[in-house]
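Report on one structure; see the data block that follows.
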Amino acid sequence: MSTLLNPEQTEAVLHGDGPLLVLAGAGSGKTRVITYRIAHLIETGIDPEQILAVTFTNKAAEEMRTRIHALKNARVLATTFHSLGARILRGSIHQLGFQNIFAIYDEDDSEKLLKNCLDQLGFGSGDKGFVKETRRAISEAKNNLTAINDNVLSQVYHIYNQKLKECNALDFDDLLFLTVQLLQNFPETRTFYQNRWRYILIDEYQDTNIAQYTIAKILSEKYQNIFVVGDPDQSIYSLRGARYQNILNFERDFPGARVITLDQNYRSTNTILEAANALIAKNTNRFEKALWSELGEGSKIGLYIAYSERQEADFVAQRINQHHHYDTSLDSIAVFYRTNAQSRPFEDALLSRRIPYIIIGGVSFYERREVKDILAYLRILISNTDLISFLRTINAPKRGIGLASLDKIIHSATTHQIPIITFCEEHLDKIKLGGKQIEGMRNYLQTLHRLRTTTPRLKIAEVIQEILNLTGYLAFLEQDPETAQERKENIDELMGKAAEWEEAQENPSIQLFLEELTLRPTASVENPDAPCIKMMTLHNSKGLEFPIVFLTGLEEDILPHINSKLDPAAIEEERRLCYVGITRAKKTLYLTASTYRYTWGTERLMAPSRFLREIPEELLLRL
DNA sequence: TTTTGATAACTTTTT
DNA sequence: GTTATCAAAA
């Protein structure tokens with residue numbers, strides 16, 4: 001085994017008990033170190049059940065599970081912090097006053113609930129910016145485990161959490177926040193999980209936030225076997241409260257910790273690494289570290305300044321064609337950009353040349369209205385309390401119950417402290433409704449009742465079919481003939497995914513299916529049959545590598561993004577983002593920018609990114 | 001009271 | 001180019 005590893009990697013893999021930090025530069029084989037470390041633990045007789053591996057994305061977790069399985073034919077738990085939280089809470093959340101079957105609200109759902117709270121507190125239908133700002137503050141409080149000082153905001157925070165509890169729902173941040181609460185306040189539960197996972201390994205440690213750090217700290221408190229891998233230069237998630245300081249403070253937080261640095265890169269040519277090193281050296285707050293490799297100098301970095309974003313995309317597509325003719329698989333080419341909105345011109349350019357591509361991340365399949373509607377039906381099937389799903393389903397299809405009536409219903413249900421569906425079933429006489437509304441409500445409840453009695457015996461795909469049958473949802477879609485066909489196809493696809501998922505599960509349930517979809521929405525979409533170009537945001541590129549990389553939109557106000565301009569720390573994060581993009585490339589790297597760019601319908605003159613100037617001229621070849 | 005159509009205000013990155 | 005929001009119509 002150790003012949004495949006260099007001395008530093010070997011040292012990390014064979015490390016005994018106690019805390020260890022691996023400072024692993026880009027492409028230094030950190031995934032390999034973690035998997036071999038786990039394999040080594042299993043070899044020394046440790047029960048795989050006692051090993052917990054935490055990764056940053058579900059995709060990475062899946063990859064790790066597969067690799068361990070291939071190496072040792074063993075199953076270890078490899079998940080993200082959020083999934084881990086969901087798993088722990090599923091078993092123990094009743095201690096915090098929730099029911100064990102809870103819904104997980106995505107950003108969209110929680111924003112709706114928050115808006116509901118703001119309405120209730122008399123902030124009127126206030127502007128959207130305020131809702132977003134408030135949600136941001138709440139999210140920050142949960143991720144940082146801090147209180148909200150502002151009087152008004154803390155009142156909103158309180159009501160919002162209360163409403164979540166009434167709905168028996170959690171938002172994303174609760175998966176971490178409530179896990180911390182549970183572990184901190186219930187010693188028996190804490191001890192149970194400490195004993196359960198005696199060896200904890202964490203990847204991308206530089207992107208953990210305070211809540212995640214606290215979970216790791218508590219879980220490893222008893223046995224102190226915490227093994228973390230990370231690179232402060234690749235910390236790009238401060239938007240989620242990530243603190244690269246966690247990695248700098250590791251030795252302080254875990255006394256007696258050992259630190260191993262990996263700086264040999266096994267991925268990229270020296271030209272690419274020199275560019276990356278020169279760029280990241282401009283950041284002030286960091287551990288000095290320079291990557292090197294034995295992969296030779298390689299070719300220069302192509303720099304192309306286009307006139308328009310259209311021309312930029314054409315250039316990329318044209319180059320892709322050239323590489324393709326040179327026998328390069330389309331799978332080995334990736335296009336990166338800063339914001340999702342930038343993908344459009346590239347899609348057009350590739351489409352017109354019939355080059356197949358796939359967008360990784362981006363607007364998710366599960367954010368489509370029709371898909372969300374069906375999922376809301378699934379949620380309301382297993383919950384009497386889920387207000388947001390009630391609101392989604394009540395008028396899909398239209399049942400003639402408008403805003404005014406809903407206001408009355410919700411208000412009365414809230415003041416009487418009765419779950420929304422129970423209220424509709426048993427207490428509707430408490431309020432006054434028109435005949436049409438009562439009829440619509442009766443129709444809704446009857447449908448729900450019939451679904452609930454017939455579905456427990458059915459497979460999930462069949463449940464969805466039954467929802468379509470009983471609600472007339474497809475006819476509802478027909479009202480907009482333009483989009484009906486596509487929407488129907490999406491529902492078909494959802495049913496296909498449900499069937500596929502259920503097939504692979506030991507104990508499938510609607511709740512688990514829903515949890516899976518909210519926590520790992522992209523997983524199943526990414527299985528293209530034929531080779532194709534991968535397009536994604538720089539954030540999504542983390543952890544991946546490609547022989548040929550196009551890093552696009554290298555302009556001021558895009559990369560670095562305009563919102564980071566005023567904050568030096570934010571600019572440094574943008575620089576790290578650029579660094580991450582560059583270090584994904586193995587052999588060939590292109591940097592592109594455009595002189596003019598259409599934003600909000602008008603043409604704007606763009607300045608080249610400052611990051612371009614920070615890369616030594618002699619590494620670049622202007623095209 | 002609900003539905004519809006027209007007008008505005010937007011877009012950073014994600015579990 | 002797009003999705004919420006607000007006004008008038010049914």
| said: So Leu494(A) and Ile374(A), do their side chains get closer than 4.5 Å, heavy atoms only? | reply: yes
| How close or far is atom P of dT12(B) from atom CD1 of Ile571(A), stated in whole angstroms? | 16 Å
| For dT2(C), which nucleotide is its Watson-Crick or G-U wobble mate, given both distances must be under 3.5 Å? | dA9(B)
| task | Could you work out which one of dT11(B), dT12(B), dT15(B) sits closest to the side chain of Glu574(A)? | result | dT12(B)
| Want to settle it: does Ser405(A) or Phe56(A) sit nearer the 5' end of DNA chain B, counting the closest nucleotide to each? | Ser405(A)
| said: Of the options dT15(B), dT2(B), dT13(B), whose atoms approach the side-chain atoms of His82(A) most closely? | reply: dT15(B)
| query | Taking atom C1' in both dT5(C) and dT12(B), what distance in whole Å separates the two? | reply | 24 Å
| field | Atom pair distance, as rounded to whole Å: CG in Asp108(A) and P in dT11(B) | value | 14 Å
| query | Rounded to whole angstrom units, what separation is found between the CD atom of Glu133(A) and the P atom of dC10(B)? | reply | 12 Å
| message | If you compare every side-chain N and O of Asn340(A) against the phosphate oxygens of dT14(B) (OP1, OP2), does one of them come in below 4.0 Å? | response | yes
| request: Provide, to the nearest angstrom, the distance between the CD1 atom belonging to Ile202(A) and the P atom belonging to dT15(B). | output: 18 Å
| task | Whole angstrom is fine here: how far is it from CG in Leu175(A) over to C1' in dT14(B)? | result | 14 Å
| said: Can you tell whether the side chains of Lys59(A) and Glu62(A) come within less than 4.0 Å, N to carboxylate O? | reply: no
| query | Rounded to whole angstrom units, what separation is found between the CG atom of Asp207(A) and the P atom of dT13(B)? | reply | 17 Å
| note | Lys408(A) has its side chain closest, among dT15(B), dT14(B), dT1(B), to dT1(B)
| Among dT15(B), dT2(B), dT12(B), which nucleotide sits nearest the side chain of Asn563(A)? | dT12(B)
| Separation between the C1' atoms of dA4(C) and dT13(B), rounded to whole Å | 22 Å
| Residue Thr80(A), side-chain heavy atoms: nucleotide from dT15(B), dT2(B), dT5(C) that is nearest | dT15(B)
| request: Starting from P on dT1(B), measure out to CE on Met441(A) and report it in whole angstrom. | output: 15 Å
| task | With Glu574(A) as reference, evaluate Lys565(A), Lys282(A), Arg338(A) under the salt bridge (Lys or Arg N to Asp or Glu O under 4.0 Å) test and give the passing residue. | result | Arg338(A)
| Counting any heavy atom closer than 4.0 Å, what does Ile401(A) reach on the DNA or RNA strands: base, sugar-phosphate only, or nothing? | sugar-phosphate
| query | What about the rings of Tyr160(A) and Tyr157(A), do their centers lie closer together than 6.0 Å? | reply | no
| said: Taking any heavy-atom pair under 4.0 Å as a contact, classify Tyr237(A): base, sugar-phosphate, or nothing. | reply: sugar-phosphate
| said: Check this one for me: any side-chain N or O of Thr537(A) less than 4.0 Å away from OP1 or OP2 of dT14(B)? | reply: yes
| message | Checking base pairs now: Watson-Crick or wobble, both atom distances under 3.5 Å. What partners dT4(B)? | response | dA7(C)
| said: With a 6.0 Å cut-off on the ring centroids, do Phe336(A) and Phe346(A) count as close? | reply: no
| task | Could you please name the option among dT14(B), dT3(B), dT11(B) that lies closest to any side-chain atom of Lys398(A)? | result | dT3(B)
| From dT13(B), dT15(B), dT1(B), nucleotide with atom closest to Ala404(A) side chain | dT1(B)
| request: Check every atom of dT12(B), dT11(B), dT15(B) against the side chain of Glu107(A) and return the nucleotide holding the closest atom. | output: dT15(B)
| said: Within this structure, what is the CD1-NE2 distance for the pair Ile420(A) and His427(A), rounded to the nearest 0.5 Å? | reply: 11.5 Å
| Where the side chain of Ser110(A) meets the backbone of Asp106(A), is there a donor-acceptor pair that is under 3.5 Å apart? | yes
| Donor-acceptor pair under 3.5 Å, His561(A) side chain vs dT12(B) base | no
| said: Output the rounded distance in Å from CZ (Arg368(A)) to C1' (dT3(C)). | reply: 15 Å
| said: So if I take every side-chain heavy atom of Gln437(A) and compare against dT14(B), dT5(C), dT2(B), which nucleotide ends up nearest? | reply: dT2(B)
| task | For Ser564(A), report the nucleic acid contact type (base, sugar-phosphate, nothing); a contact means any heavy atom under 4.0 Å. | result | nothing
